[in-house]
*Asks:* 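Structure in structure tokens, see below.
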Amino acid sequence: TFGNDSSISYEEFKKYKFDKSYSDQSTMYTYVNKAIDLLSNSELFSNINSNIINQSILTFQNWDLNTNTANTNAALPILSFASILDTDPIKVTNKILVKNITEAINHLNTYYNKINIEWGELNRLIRGDVNFEVAGGPDIARAIYAIPQTDEGQLKSIAGDCYILLARWNKDGKVISESIHQYGSATQNMNSKHYKDQCKLFVNEEFKNISIYRNDVIKDAVDILILK
């Protein structure tokens, strides 16, 4: 892990930044184990079909704590516990956990008719007519906080990772930098081509080169306006 790595390269740093897994020391892991125990008592979920309860138990048990887009076990636990990850599990009652788990199960069954959907099918970056799958989740390094959309049941990311800039210096002191924004540089102008032109890079965890040097900026400029 990042804290135990005594020597980190630039590319390794990027990988750490986009770490998509919860720790087995995390609050999420605690809630997952609580969910397995609670679901084992079917009387607490009397309104849910026993087959769905059993499938939910398996989903919690089989989740590897990763939030990659292809993960088919991430949706249920994240839907269940995203809203309480900042709360000490000791302070959260079983009643609240049962309510959250039930709502998550009902959400997945209502909109997808199954528990085990790919995380990327549910977790989305939505901007204008752009709708991309995105990895990550709340309270991890690849931070994506999202809210349900009532029309299709998808989660729309609204917070977490946003503008990221990385810089390094070569042996001669020259700055080499790159950045990414979740949308684009024109955050308020829907008619601009830059309103959503970085979305694909963002979900792919890629960066674009930038420069602080005048000649580089002029060379790459589409248009130049000289103020006098």
Side-chain angles (χ1 to χ4, degrees), residues 2 10-22 28 66-71 74-75 77-79 81-86 104 107-108 111-112 117-168 175-214 216-225 227:
F2 179 81
Y10 184 73
E11 292 303 320
E12 286 174 334
F13 181 85
K14 285 187 186 179
K15 291 180 180 179
Y16 283 127
K17 169 61 204 88
F18 293 116
D19 184 354
K20 291 176 278 293
S21 292
Y22 290 92
M28 175 63 84
N66 200 299
T67 62
N68 55 297
T69 55
N71 198 301
I78 295 177
L79 275 176
F81 308 127
S83 64
I84 56 174
L85 286 178
D86 290 336
H107 183 96
L108 291 169
Y111 291 103
Y112 299 95
I117 66 169
E118 291 191 355
W119 178 230
E121 187 176 351
L122 181 66
N123 203 43
R124 313 294 293 187
L125 176 66
I126 301 172
R127 177 74 161 174
D129 60 355
V130 164
N131 188 333
F132 292 130
E133 65 178 17
V134 59
D139 204 33
I140 52 176
R142 180 46 159 169
I144 301 292
Y145 293 80
I147 56 175
Q149 302 299 286
T150 55
D151 52 349
E152 297 182 14
Q154 292 180 328
L155 299 181
K156 179 181 179 179
S157 57
I158 59 167
D161 279 4
C162 49
Y163 179 70
I164 304 171
L165 185 149
L166 300 178
R168 51 184 166 148
V175 179
I176 302 166
S177 54
E178 52 186 350
S179 72
I180 188 62
H181 188 275
Q182 75 273 29
Y183 302 136
S185 59
T187 58
Q188 302 297 319
N189 184 2
M190 296 180 63
N191 296 317
S192 170
K193 67 178 182 179
H194 300 301
Y195 181 71
K196 57 188 177 182
D197 63 340
Q198 295 186 47
C199 290
K200 190 62 175 177
L201 285 173
F202 181 82
V203 298
N204 287 341
E205 301 168 10
E206 298 174 350
F207 291 82
K208 58 179 178 58
N209 294 326
I210 58 175
S211 179
I212 65 169
Y213 297 107
R214 182 175 181 273
D216 291 339
V217 173
I218 292 175
K219 179 185 65 177
D220 296 331
V222 175
D223 193 15
I224 298 175
L225 174 63
L227 299 177

*Asks:* Between S157 and R124 (side chain of the first, backbone of the second, donor and acceptor by atom type, cut-off under 3.5 Å), is there such a pair?
*Replies:*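 Looks like yes, one N/O pair under 3.5 Å.
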
*Asks:* Between L122 and G153, what is the shortest heavy-atom contact and its length?
*Replies:*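 Taking every non-hydrogen atom into account, CD1-O, 3.2 Å.
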
*Asks:* Got I180 and E205 here, is their nearest side-chain heavy-atom distance under 4.5 Å?
*Replies:*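 They are not in contact (no side-chain heavy atoms under 4.5 Å apart), so the answer is no.
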
*Asks:* Considering residues at least two apart in sequence or located in another chain, which fulfil the side-chain hydrogen bond (donor to acceptor under 3.5 Å, both in side chains) criterion with E121?
*Replies:*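 side-chain hydrogen bond (donor to acceptor under 3.5 Å, both in side chains) list for E121, sorted by chain: empty.
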
*Asks:* Treating S177 as the side-chain partner and I210 as the backbone partner, does any N or O pair qualify as donor plus acceptor under 3.5 Å?
*Replies:*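 Here the side-chain-to-backbone pair exists.
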
*Asks:* side-chain contact (heavy atoms from CB on, under 4.5 Å) for N131 and Q154? Distances and angles first, verdict last.
*Replies:* CA-CA 10 Å; N131 188 333; Q154 292 180 328; 2.9 Å; yes

*Asks:* By side-chain hydrogen bond (donor to acceptor under 3.5 Å, both in side chains), which residues pair with N71, not counting sequence neighbours?
*Replies:*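 For N71, the residues satisfying side-chain hydrogen bond (donor to acceptor under 3.5 Å, both in side chains) (neighbours in sequence not counted) are D64, N68.
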
*Asks:* For residues 183-193, please give each side-chain donor-acceptor pair under 3.5 Å, one per line with the distance, not counting sequence neighbours.
*Replies:*
| residue | atom | partner | partner atom | Å |
| --- | --- | --- | --- | --- |
| N189 | OD1 | N191 | N | 3.0 |
| S192 | OG | H194 | N | 3.0 |

*Asks:* Tell me the closest heavy-atom pair linking G136 and N123, and the distance in Å.
*Replies:*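 Nearest pair, atom of G136 first, then N123: O-ND2, 3.5 Å.
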
*Asks:* For K208, check salt bridge (Lys or Arg N to Asp or Glu O under 4.0 Å) against everything at least two apart and list the hits.
*Replies:*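 With neighbours one apart ignored, the set is empty.
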
*Asks:* Would you indicate whether the side-chain heavy atoms of L166 and Y10 approach each other to under 4.5 Å?
*Replies:*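 Sidechains of L166 and Y10: in contact.
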
*Asks:* Taking only residues two or more places apart in sequence, or in another chain, which ones meet K14 in a side-chain hydrogen bond (donor to acceptor under 3.5 Å, both in side chains)?
*Replies:*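 Only E178 meet the side-chain hydrogen bond (donor to acceptor under 3.5 Å, both in side chains) criterion with K14.
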
*Asks:* Indicate the atoms forming the closest heavy-atom contact of D161 with F202, along with that distance.
*Replies:*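 Shortest heavy-atom separation between D161 and F202 comes out as O-CZ, 3.5 Å.
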
*Asks:* Between R127 and C199, which heavy-atom pair has the shortest distance, and what is it?
*Replies:*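 That closest heavy-atom pairing would be CB-SG, 4.0 Å.
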
*Asks:* Are R142 and Y22 in a cation-pi contact, defined as NZ or CZ under 6.0 Å from the six-membered ring centre and within 45° of the axis?
*Replies:*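 The answer is no, since R142 fails at least one limit relative to Y22.
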
*Asks:* Just by distance, do the side chain of K20 and the backbone of F18 share a donor-acceptor pair under 3.5 Å?
*Replies:*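 Such a contact is found between K20 side chain and F18 backbone.
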
*Asks:* Evaluate the side-chain proximity of D139 to Y145: yes if any heavy-atom separation is below 4.5 Å, no if none is.
*Replies:*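 Side-chain contact under 4.5 Å: yes.
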
*Asks:* Mind listing the closest non-hydrogen atom pair of A104 and L79 along with its distance?
*Replies:*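 Distance-wise, the nearest heavy atoms are CB-CB, 3.6 Å.
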
*Asks:* Y111: which residues meet the ring pair (Phe, Tyr, Trp, His ring centres under 6.0 Å) condition with it, sequence neighbours left out?
*Replies:*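 By the ring pair (Phe, Tyr, Trp, His ring centres under 6.0 Å) rule, Y111 matches H107.
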
*Asks:* Between Y213 and V175, is there a donor-acceptor pair closer than 3.5 Å when you use the side chain of the first and the backbone of the second?
*Replies:*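 Pair found, side chain donor or acceptor close to backbone of V175.
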
*Asks:* Might you work through the side-chain contact (heavy atoms from CB on, under 4.5 Å) test for Q198 and F207, ending with a clear yes or no?
*Replies:* CA-CA 9 Å; Q198 295 186 47; F207 291 82; over 6 Å; no

*Asks:* A side-chain contact here means heavy atoms from C-beta on lying under 4.5 Å apart; do T67 and I144 qualify?
*Replies:*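 Of all side-chain heavy-atom pairs linking I144 with T67, none is under 4.5 Å.
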
*Asks:* Going by heavy atoms in the side chains, are K200 and V130 under 4.5 Å from each other?
*Replies:*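 In short, these two side chains do not touch, never coming nearer than 4.5 Å.
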
*Asks:* Please name the pair of heavy atoms, one in V134 and one in L125, separated by the smallest distance, quoted to 0.1 Å.
*Replies:*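 That would be CG1-N, 3.8 Å.
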
*Asks:* If we only count heavy atoms from C-beta on, is the E133 to V203 side-chain gap below 4.5 Å?
*Replies:*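 Result no, sub-4.5 Å side-chain heavy-atom pair not found.
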
